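Presented below is the structure to which this report refers.
Basis for what follows: all heavy atoms, side chains included, without hydrogens, waters or symmetry-related copies. Convention: sequence-line order gives letters A, B, ...; per-chain numbering from 1. None of these values were measured; they are calculated from a predicted model.
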Amino acid sequence: MENKELVSNALSKALDNELSVEDILPKIERPKDSKMGDLAFPTFILAKKFRKAPQQIAADVVEKIDQSSFDHVEAAGPYVNFFLDKSNFSEDVLSAVLDQKENYGQNEDGKGGNVTIDMSSPNIAKPISMGHLRSTVIGNSVAEILRKNGYNPIKDNHLGDWGTQFGKLITAYLMWGNEEDVKKDPINNLVKYYVKFHKIDKEQPELDDVARDWFRKLENGDEQATKLWKWFREVSLEAFGEIYDKLGITFDTYNGEAFYNDKLQDVVDSLQEKGLLSKSQGATIVDLQKYDLNPALILKSDGASLYITRDIATAIYRDQTYHPAMNLYVVGSEQTYYFKQLKAVLMEMGVPSAKNLHHIPFGLITVNGKKLSTRSGRIILLDEVLNESIAIAKKQIAEKNPDLPNREEVAKEVGVGAIVFGDLKNEKINNIDFNLEDQLRFEGETGPYVQYARARAESILRKAGDIDLSKVDKKLNDAESWNVIKLLNDFPARVKMACDEFEPSVIAKYSLRLAKSFNKYYAHTKILDDDEQRDARLALVKSVSIVLKESLRLLGVKAPDEM
RNA sequence: GUCGCGAUAGCUCAGCUGGAUAGAGCAACGGUCUUCUAAACCGUAGGUCGAGAGUUCGAAUCUCUCUCGCGACACCA
């Protein structure tokens, strides 16, 4: 990026300051083909001003420009192409990576500000499906990316642990459930009861009344209801914990919906005080016409609270507890409109962090184009997908590297890595039609591909033995290493972009490009050849290993040294 | 119906604030392991960038219209 300034400065001078550095800077581009230079300036914009053909302008500029800071500058048609001094650039980039190690790419843009992240949010007594995977891994990656940009992320697992479904669950459990089964396999059995309830209540609608009654008891602190609710919650959390362990993801808080129950009245009172409430068709609403939005329904006509009531309480709690610089919600794109309403209500209430509330939407996961649904039984269990992926990784290791020391651990890292990376690889807004074979791919643009590239890098470094790379010459100037070096230089900019866009795929895509360029380098260059550039090549290999590992870490993917 | 998102190779997707012959991966076909891990590398083939108009020296990229798909549109979350 500093090179763009270098180029802009030189150009501005060559143009006798007809254009300022600021004018030129955004016009500098990177040619897709490195044969056309490392940076380029298209001269079309000057054609009118100078009343000359762009080709002529380019030629004139090359004639006048001070080339001393570059390898060389040449005109190619209407473009002025700049070729950087490879040796110096290489020295600068590799030194930066090796000096800063895993802190390379770190910036302090966030100034230590707290950022609350509402993520994962599975429902108690329901299995974690591929749908929750998205919120979980995107949220986790966004958290790491924010940290890399100087923020302090606070990951909140906003559990779905309250609502009328618990009335149904209690009813179902009391009718068909038994303690032993739930203890043995909590989620599956609780779901079984829940599904059965929905099947049967179609013919026996009176069951709904029973369920409603149980939920009312729960809300009123009935002993039996509360005991069951607590138990369901506890066994569910244990089951969730196993999956989170497998993913290597932790949370800072688990404040579910129930946590905010006693704060709902304050929300309603506060809305009332501020004169924001009105009645409409029996319900209590906040009018949002000035935001061009439909009214937000705060209380049902029977006085019961709604999801938004709890979310307002949550946002206020976060605001008061953390004074967040941003308040993020990693929730599916189907709730985009809802989050506009939520934000609008909070703005009306004057909640300070409301203007920095961001919904981070992601696309839907479907199977054969159909939505997943626990009730219909159309569901893909995350745990099963993870286990299958780990099993395949194990098989691969048995074939390809049977002597690998810690096979179990590596199989887990690779198997889980494939799934997580697969989810983060593409822009999060894209819908995903689930296909198991696609998920379990370990070749091409996949997590294991990146892991493998780094494992090979580590393998070379082991063979090279202990070398103090901080002191070695790092001036590489060959064509093979050039793309790798330029990509290493690009990492800090990618870290920023990923943060600005809350988009882990920026990092995933970057890691693929770096891994690919390194694999190419590896295939064409004998790194351990004993010549004068050997140490410089090792510095490059070490740098690649560092940046690949760090990229994967930002995605929540482990990087085994051997695989 | 209104609003939002999307449409690029057989499939899954990139394509940065408009720029030089539209790129990957998978699938297909063909090469490369006595030498740093072949989960890799190299090559061949594959596209009227949904359609049309406009802005521009220049449009996959910006604007408008249309078509198709998905989603959201008050008492679920």
Could you check whether A:D201 pairs with A:K168 (Lys NZ or Arg NE/NH1/NH2 to Asp/Glu carboxylate O, under 4.0 Å)?
no
Electrostatic pair A:K300-A:D302, nearest N-O below 4.0 angstrom
no
A:R494 has an atom CZ; how far is it from atom P of B:A14, in whole Å?
14 Å
Write down the distance separating the C1' atoms in B:U63 and B:C75, rounded off to the nearest Å.
40 Å
Expressed as a whole number of angstroms, how long is the span from A:K168:NZ to B:A77:P?
10 Å
How close or far is atom P of B:U61 from atom CD of A:E29, stated in whole angstroms?
17 Å
May I ask you to say what A:P78 touches in the nucleic acid, namely base, sugar-phosphate or nothing, with a heavy-atom cut-off under 4.0 Å?
nothing
Can you list every salt bridge (charged side-chain N to carboxylate O under 4.0 Å, His left out) pair that touches residues 402-419 of chain A, not counting sequence neighbours?
A:K394-A:E408
Base paired to B:C16 (Watson-Crick or G-U; both N/O distances under 3.5 angstrom)
none
Give one of base, sugar-phosphate or nothing for A:A47, where a contact means two heavy atoms less than 4.0 Å apart.
nothing
How far, in whole Å, is B:G6 from B:A60 if one measures between their C1' atoms?
14 Å
If pairing requires Watson-Crick or G-U wobble contacts with both distances under 3.5 Å, which nucleotide is the partner of B:U48?
none
Looking at every strand, decide which applies to A:A464 at a 4.0 Å heavy-atom threshold: base, sugar-phosphate, or nothing.
nothing
Determine the Euclidean distance between corresponding P atoms of B:C11 and B:G4; express it in Å to zero decimal places.
29 Å
Whole Å only: how far is the OH atom of A:Y291 from the C1' atom of B:C73?
20 Å
Indicate, with a heavy-atom threshold strictly under 4.0 Å, whether A:N435 touches base, sugar-phosphate, or nothing.
nothing
Give the nucleotide from the list B:G15, B:C13, B:C36 with an atom nearest to the side chain of A:E427.
B:G15
Would B:C49 be called syn or anti here, given the cut-off of 90° from 0?
anti
Taking atom P in both B:U56 and B:G18, what distance in whole Å separates the two?
16 Å
Using the benzene-type ring in the case of Trp, are the ring centres of A:H359 and A:Y329 under 6.0 Å apart?
no
How far, in whole Å, is B:C13 from B:U17 if one measures between their C1' atoms?
22 Å
Starting the side chain at C-beta, find the nucleotide from B:A74, B:U21, B:C16 nearest to A:L297.
B:A74
Look through every strand shown and name the nucleotide pairing with B:U2 as Watson-Crick or G-U wobble, where both distances are under 3.5 Å.
B:A72
Aromatic centroids of A:F215 and A:F166 separated by under 6.0 Å:
no
Measure from the side chain of A:R441, starting at C-beta and using heavy atoms only, and say which of B:C76, B:C26, B:A74 lies closest.
B:C26
Can you tell me the distance, in whole Å, between the CD atom of A:Q289 and the C1' atom of B:C73?
16 Å
Considering Watson-Crick and G-U wobble pairs with both distances under 3.5 Å, what does B:C26 pair with?
B:G10
Should the pair A:E445-A:K509 be classified as a salt bridge under the 4.0 Å nitrogen-to-oxygen rule?
no
Rounding to an integer number of angstrom, what distance separates B:U2 and B:U65 when you compare their P atoms?
11 Å
Whole-Å gap separating C1' (B:C73) and CZ (A:F339):
16 Å
Considering only atom P, compute the distance from B:G50 to B:A7 and round it to an integer number of Å.
7 Å
Can you say whether a donor on the side chain of A:N81 sits under 3.5 Å from an acceptor on the base of B:A20, or the other way round?
yes
Base, sugar-phosphate, or nothing for A:K27, non-hydrogen atoms under 4.0 angstrom?
nothing
Tell me: CD1 of A:I527 to C1' of B:U35, nearest whole Å?
13 Å
Before we go on, tell me: are the rings of A:F82 and A:F41 under 6.0 Å apart, centre to centre?
no
Could you check whether A:K486 pairs with A:D38 (Lys NZ or Arg NE/NH1/NH2 to Asp/Glu carboxylate O, under 4.0 Å)?
yes
P-based separation of B:C49 from B:A9 [nearest Å]:
10 Å
Ignoring hydrogens and angles, answer whether the base of B:A77 and the side-chain atoms of A:S121 contain a donor-acceptor pair closer than 3.5 Å.
no
Report which part of the nucleic acid A:K509 touches: base, sugar-phosphate, or nothing (heavy-atom distance under 4.0 Å, all strands).
sugar-phosphate
Scan nucleotides 37-47 of chain B nucleotide by nucleotide, 5' to 3', and note B when protein non-hydrogen atoms come under 4.0 Å of the base, S if they reach only the sugar-phosphate, - if neither.
BSBSSS-----
Between the protein and nucleotides 54-58 of chain B, which nitrogen or oxygen pairs are less than 3.5 angstrom apart?
unit_1	atom_1	unit_2	atom_2	d
B:C57	OP1	A:K48	NZ	2.9

Taking the ring centre of each residue, are A:F259 and A:Y317 less than 6.0 Å apart?
yes
Check: A:H358 ring centroid to A:F502 ring centroid under 6.0 Å
yes
Is any side-chain N of the basic residue among A:D531 and A:R537 closer than 4.0 Å to the acidic one's carboxylate O?
yes
Quick one: look up who B:U21 pairs with, Watson-Crick or G-U, both distances under 3.5 Å, and put none if it's unpaired.
none
With the side chain defined as heavy atoms from C-beta on, A:M36 is closest, among B:A72, B:A14, B:U21, to B:U21
Is A:K48 close enough and on-axis enough to A:F44, meaning under 6.0 Å and within 45°, for cation-pi?
no
